[in-house]
Number of protein chains: 2
Amino acid sequence: MTAEARILVVEDEEPLRMALVDALRAEGFEVLEAADGEAGLALALAEGPDVVLLDLMLPKRDGFSVLRALRKDRVDALVLILSARGEEWDRVQGFEYGADDYVVKPFSIRELLLRVRAALRRGDRGVPGLQLDPGRVRVGAALVDFAAYTAERTDGGEQVGLSRKELDLLRYFLSREGEVLDRATLLNEVWGRDDFPSTRTVDMHVLKLRRKLEPDPEQPRHLLTVHGVGYRFDRRGSEG
Amino acid sequence: MTAEARILVVEDEEPLRMALVDALRAEGFEVLEAADGEAGLALALAEGPDVVLLDLMLPKRDGFSVLRALRKDRVDALVLILSARGEEWDRVQGFEYGADDYVVKPFSIRELLLRVRAALRRGDRGVPGLQLDPGRVRVGAALVDFAAYTAERTDGGEQVGLSRKELDLLRYFLSREGEVLDRATLLNEVWGRDDFPSTRTVDMHVLKLRRKLEPDPEQPRHLLTVHGVGYRFDRRGSEG
DNA sequence: CGCGCCTTGACACCGCGTTGACAGACCCGG
DNA sequence: CCGGGTCTGTCAACGCGGTGTCAAGGCGCG
């Protein structure tokens with residue numbers, strides 16, 4: 001699996017669309033984009049994305065029409081409506097064309113990402129083809145719950161909380177399991193392009209993850225150091 | 001068991017009813033439907049569904065009357081009231097007709113499904129007969145009575161009143177137990193789309209709930225803070 | 001008109017992210 | 001096999017943003 005999920009952004013306002021696309025790409029999603037309803041519908045039908053972020057007010061074809069057409073043609077993507085606070089919303093909530101969630105404009109990117117992840121986690125519509133992030137992931141002896149921000153060690157039975165950054169980092173390691181990732185890559189992909197912390201910060205967070213996930217943090221089995229290069233993640237635990 | 005559960009939808013507005021029926025069928029439920037109170041009651045008595053989604057404003061016989069008749073005849077289905085935000089709800093809570101939950105219109109399908117699942121989970125004690133949710137929920141050492149707007153602490157013995165907003169918030173936490181909910185989501189789902197208070201309001205209400213429910217409000221066991229993200233609810237109380 | 005609840009701003013406090021320092025580990029060349 | 005240089009593990013401390021809490025204001029409800 002190369003990307004966590006494929007997401008189609010249908011939004012006509014250029015700055016907002018670009019912001020969304022950038023943020024989603026930075027999170028490791030594969031992103032498609034369209035600036036009007038017709039293009040969005042066509043792209044969705046052609047590419048079959050996992051998630052569609054759908055604005056309501058669109059040129060050529062409004063969001064409702066697009067959504068109706070999608071459901072009619074059995075596109076089983078998770079659809080998140082991006083709506084301005086207003087009367088259209090009554091229609092959405094009232095009888096529901098089959099949207100999975102809605103986000104009221106203006107929203108923060110962080111909130112949107114939370115919603116997208118929640119939708120993916122939920123993605124339990126019984127539709128084949130959607131084998132997405134199941135919300136809870138086993139890492140050796142630890143069970144990580146991304147929805148609850150917790151990890152439980154099945155050996156010692158302790159349940160500990162994980163911070164946002166720790167989960168972000170772990171999520172990225174999971175998405176590129178087995179690859180050796182250097183610190184610069186991790187900083188770019190997990191911290192983003194706005195922050196430029198030192199590389200020691202990465203070490204620190206790896207340390208914290210080891211303490212919470214590894215049975216013996218001094219003998220890591222999952223978060224492995226590759227001297228002179230970076231870190232490699234192995235979910236199962238390479239050695240005894 | 002062929003279907004997860006049998007659900008009766010009693011709702012006179014055609015588009016909404018059809019949307020509900022479709023969504024529930026898509027989720028694997030077996031669905032019965034009725035467009036007015038009399039038909040709904042008759043169907044419930046004849047078929048004995050597991051869950052009833054009951055509108056309040058109905059032709060021929062209103063929802064309260066239907067609910068009363070159901071309980072009188074010992075129909076032990078889980079009943080979810082579909083109600084507009086308003087004074088009718090006070091009557092539901094005040095008179096304790098035996099509803100298991102309520103959903104405020106307008107609602108999203110997703111929200112409704114969560115509530116239905118939560119109700120099924122709660123009500124599924126595997127015991128036939130009248131094993132109804134008494135409208136009282138235990139949260140650790142506290143016993144919350146949704147009908148009476150009160151909470152009693154079984155350790156300290158104090159009985160305190162809860163305001164409507166506090167109960168709304170608690171109810172939402174209960175419906176999504178274990179998930180970390182960010183403040184924007186809480187504002188959207190609990191406060192609704194008409195007013196948009198600041199996020200500090202959420203903190204304030206969490207504080208008030210802690211004081212009334214937690215044995216030691218400064219060391220919360222049930223309403224947990226996840227720094228930089230939001231709050232997570234845990235009914236049992238994770239730690240000692 | 002009074003009461004209670006919701007809401008908000010203020011302020012103190014706390015947790016997390018971040019960093020520099022230092023010791024130990026590792027690699028490579030000699 | 002040894003030594004120097006570099007990289008990594010770990011700690012303690014700092015600063016910022018997020019959160020707990022209070023008290024005052026406002027609003028609706030009775």
Side-chain angles (χ1 to χ4, degrees), chain A residues 108 110-111 114 149-151 160-170 172 180-184 186-187 190-192 194-214 216-233, chain B residues 85-87 89-91 93-94 149-151 160-170 172 180-184 186-187 190-192 194-214 216-233:
Chain A
S108 70
R110 188 209 286 184
E111 183 197 350
L114 285 170
Y149 287 68
T150 60
V160 296
L162 294 179
S163 75
R164 184 150 49 94
K165 199 67 92 183
E166 287 164 0
L167 278 188
D168 285 346
L169 180 59
L170 178 59
Y172 189 72
V180 178
L181 304 168
D182 61 277
R183 291 173 179 73
L186 290 170
L187 284 173
V190 177
W191 272 257
D194 300 327
D195 296 317
F196 304 100
S198 78
T199 57
R200 320 276 39 252
T201 303
V202 177
D203 301 9
M204 193 68 231
H205 280 268
V206 170
L207 172 66
K208 292 204 266 186
L209 278 179
R210 278 176 176 162
R211 285 187 176 148
K212 292 179 178 177
L213 302 182
E214 300 275 3
D216 179 6
E218 303 190 3
Q219 302 282 323
R221 293 185 189 180
H222 307 99
L223 285 159
L224 306 165
T225 299
V226 179
H227 193 91
V229 188
Y231 296 98
R232 178 166 57 87
F233 178 71
Chain B
R85 199 183 283 278
E87 58 286 275
W89 177 236
D90 293 317
R91 294 174 60 197
Q93 289 209 323
Y149 287 74
T150 60
V160 296
L162 293 179
S163 74
R164 183 178 320 181
K165 204 61 104 181
E166 287 164 359
L167 280 183
D168 284 346
L169 180 59
L170 178 59
Y172 191 72
V180 175
L181 304 168
D182 61 281
R183 291 172 177 73
L186 291 170
L187 284 172
V190 177
W191 271 257
D194 294 330
D195 38 12
F196 14 90
S198 79
T199 57
R200 316 303 283 103
T201 303
V202 177
D203 301 8
M204 193 67 230
H205 282 265
V206 169
L207 172 67
K208 291 204 269 186
L209 279 179
R210 277 176 176 162
R211 285 190 176 145
K212 292 177 178 176
L213 301 181
E214 300 275 3
D216 179 5
E218 303 191 2
Q219 303 281 322
R221 293 186 189 178
H222 308 98
L223 285 159
L224 305 165
T225 300
V226 178
H227 194 93
V229 188
Y231 296 99
R232 176 164 55 91
F233 179 72

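Values reported hereafter were calculated over all heavy atoms of this structure, with side chains retained and with hydrogens, waters and symmetry mates removed. Reminder, nothing fancy here: chain letters follow the sequence lines and each chain counts from 1.
Side-chain contact between A:V180 and A:Y231: absent, with no pair of heavy atoms (C-beta onward) separated by less than 4.5 Å. You'll find the side chain of A:H205 reaches within 4.5 Å of the side chain of A:T201, heavy atoms only. The shortest side-chain heavy-atom distance between A:V206 and A:V202 falls under the 4.5 Å cut-off. Using a 4.5 Å cut-off on side-chain heavy atoms (C-beta onward), B:R200 and B:M204 make no contact. Here the side chains of B:V229 and A:R110 are not in contact, with every heavy-atom distance at 4.5 Å or above. Within the 4.5 Å cutoff, side-chain heavy atoms of A:R183 are placed close to those of A:D203.
The outermost nucleotides of DNA chain C lying under 4.0 Å from heavy atoms of chain A, listed 5' to 3', are C:dC16 to C:dC27.
Nucleotide D:dT8 holds its C1' atom 15 Å from the CD atom of A:Q219, rounded to whole Å. Taking atom NZ of residue B:K208 and atom C1' of nucleotide D:dT19, one finds them 17 Å apart after rounding to whole Å. Here the C1' atom of nucleotide D:dG28 and the NZ atom of B:K165 are 12 Å apart, to the nearest Å. Between the CG atom of A:D216 and the C1' atom of D:dG9 there is a distance of 14 Å, rounded to whole Å.
A pairwise comparison of heavy atoms in A:P197 and A:W191 identifies CG-CD1, 3.5 Å as the closest pair. The minimum heavy-atom distance between B:H222 and B:E214, with the atom names listed, is N-OE2, 2.8 Å.
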Check: What one-letter contact string describes nucleotides 20-25 of chain D from 5' to 3', where B marks a base within less than 4.0 Å of any protein heavy atom, S marks contact via sugar-phosphate atoms alone, and - marks no contact?
Finding: BBBB--
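Across all strands shown, A:V202 has no heavy atoms under 4.0 Å from either base or sugar-phosphate atoms. Residue A:T201 is in base contact, counting any heavy-atom pair closer than 4.0 Å across all strands shown.
Between A:V229 and A:R110, the residue anchored closer to the 5' end of DNA chain D is A:V229, taking for each the nucleotide with the nearest heavy atom. When the nearest nucleotides of DNA chain C are assigned to A:H227 and A:D195 by heavy-atom distance, the more 5′-ward of the two goes with A:D195. Comparing B:E166 and A:T199 by the nucleotide of DNA chain C that holds the closest heavy atom to each, the one mapping nearer the 5' end is B:E166.
In this structure, NZ in A:K212 is found 6.0 Å from OG in A:S163, a value given to the nearest 0.5 Å. A distance of 7.5 Å separates CZ in B:R210 from CG in B:L224, rounded to the nearest 0.5 Å.
Taking 4.0 Å as the cut-off between side-chain N and carboxylate O, A:D168 and A:K165 do not count as a salt-bridged pair.
A rotation axis mapping the C1' atoms of four pairs onto the next four is fitted at both ends of the helix from C:dC1-D:dG30 to C:dG30-D:dC1 over five pairs, and the angle between these axes is 40° to 10 degrees.
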